[in-house]
Amino acid sequence: MDKKEILLINGGGPLRGEVIISGAKNSALPILAACVLGTEEIILDGVPDLKDVEIMIEVLRHLGSKVEYIGDESLRIDSSGINTCETPFELMDKMRASFVVMGPLLSRFKEAHTKAPGGCNIGARPIDLHLKGFEALGAKALVNDEAISITTDGELIGNEIYLDFPSVGATQNIMMAATLAKGETIIENAAKEPEIVDLASFLSKMGAKIKGAGTSTIVVDGVEKLTGTRHTIIPDRIEAASYMLAAVMTKGDVTIKNVIGSHIRPVIAKLIEMGASVEEIEEEDIIKVSANQKLKPTNIQTLPYPGFPTDAQAQFMALMTVCDGESKIQETVFENRFMHVEQLNKMGAAIATSGNRATIVGVDKLHGADVKATDLRAGAALVMAGLTASGQTRISDIYHIDRGYSKLVEKFTKLGGDIKRVTID
Ligand code: EPZ
């Protein structure tokens with residue numbers, strides 16, 4: 001039988017101390033892909049140590065970019081030597097987010113080939129809006145069975161594109177494709193996430209002409225070429241939210257460092273509504289959270305930014321399982337993002353779902369159990385529950401967690417959590 005790694009957690013007391021948040025996974029991935037657009041050296045700082053980042057580096061190296069670590073969280077990238085526009089199927093299978101390399105390849109080399117990224121546990125994850133954008137710029141997308149080829153005979157030509165849904169990935173791919181297109185591109189109903197703003201600021205430092213990132217209308221004026229630059233990735237707002245929620249769920253007192261409060265306003269607002277204490281020290285990118293009694297219940301609806309982030313829904317649900325009353329969640333972004341419900345109920349939670357709605361009746365205490373991470377944010381929710389429950393919790397399929405949380409065991413141990421990564425047969 002092959003060995004597998006699990007997390008062994010003994011529920012205990014409140015989390016206390018401080019945690020330093022890493023760079024944002026969902027900013028590092030598109031910014032790494034954007035390096036394909038440049039022909040000069042790029043230095044990235046604040047790059048998180050994550051499995052997904054390793055995969056994106058593998059994609060860049062496969063294309064012919066030189067990528068080397070020049071420090072714990074810094075990379076030097078040189079994409080002048082790119083010699084193929086084909087992203088291998090197995091890398092796309094490993095991480096569907098690799099698809100954001102298509103826009104940069106198409107923009108610089110006028111072609112991009114890969115496998116159409118499949119769905120995942122949380123949803124079908126279609127790419128129709130990405131293709132709509134590429135075709136609006138004059139490219140042709142050929143999709144058969146699994147392979148997908150996007151090509152353009154001449155230049156890409158700027159155009160006006162309306163996104164039926166403010167898709168993060170489609171906004172990123174189209175914005176990157178437009179940077180070297182001829183003329184002006186307007187993206188209407190664009191995603192407004194902080195990671196879009198970070199990508200736009202990185203591209204602008206490379207010489208791109210982009211206005212309106214962070215609003216629903218992004219305007220890109222195509223330029224001839226993009227140069228090198230140095231850039232620091234913004235902090236990971238979802239990692240920060242996860243540690244804030246864990247602190248409050250264990251009735252602890254934790255100082256979160258390297259966090260931008262405005263990026264997680266909905267989570268902060270809800271925690272305050274529920275009776276937690278949240279103190280923002282904006283000038284130092286610090287947030288202090290604490291709670292010393294059961295929190296009041298609340299209701300959330302996930303929405304595109306600046307609404308409540310779907311990526312914090314599972315973690316928030318975990319907190320709701322031990323609130324003093326009934327809470328409700330409506331998940332409007334993904335069609336299947338409640339797989340953590342069954343796992344939390346194994347720990348004594350009282351959650352019922354109907355379609356995209358969940359009702360959570362607070363219980364006095366959760367108890368340890370053998371549970372399974374079903375996606376990276378569900379995994380984080382189970383870690384929080386395990387740290388709060390009585391007894392021992394064993395979490396399997398923790399490769400999901402490793403995709404989006406760097407040094408999770410070290411960070412929680414430093415906060416007083418009894419959590420270990422062990423290998424079992
Ligand atoms: C990004 O995924 C994030 N991933 C996700 O984080 C995050 O949950 C999501 O944005 C929403 O905020 C990365 O940034 C790597 P979308 P993305 O395109 O770009 C529909 C995590 O936990 N849609 O905004 O794939 C789609 O079906 C991950 O870190 C189309 O219909 O998200 C979904 O319902 C999970 N057609 C909705 O938009 C398209 O062409 C949101 O998808 C594209 C998307």
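Ligands are counted one by one from 1 in listed order, and the atoms in each one are counted from 1 as well.
- Counting heavy atoms under 4.0 Å from ligand 1, residue Lys25 touches it through the side chain alone.
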Full working for side chain to side chain contact (heavy atoms under 4.5 Å, CB included) between Thr374 and His400: CA-CA 7 Å; Thr374 47; His400 285 295; 5.7 Å; no
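- Of the heavy atoms in Asp311, only side-chain atoms (C-beta onward) come closer than 4.0 Å to ligand 1.
- Ligand 1 does not have Met95 within reach: every non-hydrogen atom of the residue lies 4.0 Å or more from it.
- For the pair Pro126 and ligand 1, a heavy-atom separation below 4.0 Å is found.
- Contact annotation: for Arg337 versus ligand 1, heavy atoms closer than 4.0 Å belong to the side chain alone.
- Taking every non-hydrogen atom of Gly169 and a distance limit under 4.0 Å, the qualifying atoms of ligand 1 come out as 18 (O), 19 (O).
- Going from atom CG of Leu29 over to atom CG of Leu50 covers 8.0 Å, rounded to the nearest 0.5 Å.
- Taking NE2 of His231 as the start and CG of Leu44 as the end, the distance is 7.5 Å to the nearest 0.5 Å.
- Interatomic distance, Tyr405 OH to Ile238 CD1, rounded to the nearest 0.5 Å: 7.5 Å.
- Near Ala97, the atoms of ligand 1 lying under 4.0 angstrom from a non-hydrogen atom of the residue are 15 (C).
- Taking every heavy atom of Arg377 and a limit of under 4.0 angstrom, the matching atoms of ligand 1 come to 21 (C), 22 (O), 29 (O).
- Ligand 1 has at least one atom lying under 4.0 Å from a heavy atom of Arg96.
- Heavy-atom contacts of His130 reach the following atoms of ligand 1: 40 (O) (cutoff under 4.0 Å).
- Distance check: Ser216 OG to Tyr162 OH gives 9.5 Å after rounding to the nearest 0.5 Å.
- Across Phe165, Phe334, Phe99, heavy-atom proximity to atom 38 (O) of ligand 1 is greatest for Phe165.
- For ligand 1, the atoms closer than 4.0 angstrom to any heavy atom of Val333 are 33 (C), 34 (O), 37 (C), 41 (C).
- Below 30°, between 30° and 60°, or above 60°: for Phe99 and Phe134 the angle between ring planes is between 30° and 60°, a tilted geometry.
- Taking 4.0 Å as the cut-off between side-chain N and carboxylate O, Asp311 and Lys25 do not count as a salt-bridged pair.
- Among the atoms of Gln172, none of the N or O lies under 3.5 angstrom from an N or O of ligand 1.
- Taking each heavy atom of Leu203 and Met176 in turn, the nearest pair found is CD1-CG, 4.0 Å.
- Residue contacts with ligand 1 for Thr310 involve side-chain atoms from C-beta outward but no N, CA, C or O (heavy atoms, distance under 4.0 Å).
- With respect to the salt-bridge test (charged N to carboxylate O, under 4.0 angstrom), the residues Lys270 and Glu273 qualify.
- Ligand-side atoms of ligand 1 in range of Arg125: 2 (O), 17 (P), 25 (O), range being under 4.0 angstrom from any heavy atom.
- Minimum interatomic distance between Ala33 and Met56 (heavy atoms only, all atoms of both residues): CB-CE, 4.3 Å.
- Geometrically, ligand 1 and Leu129 share a nitrogen or oxygen pair separated by less than 3.5 Å.
- Considering backbone and side-chain N/O of Glu335, none are found under 3.5 Å from N/O of ligand 1.
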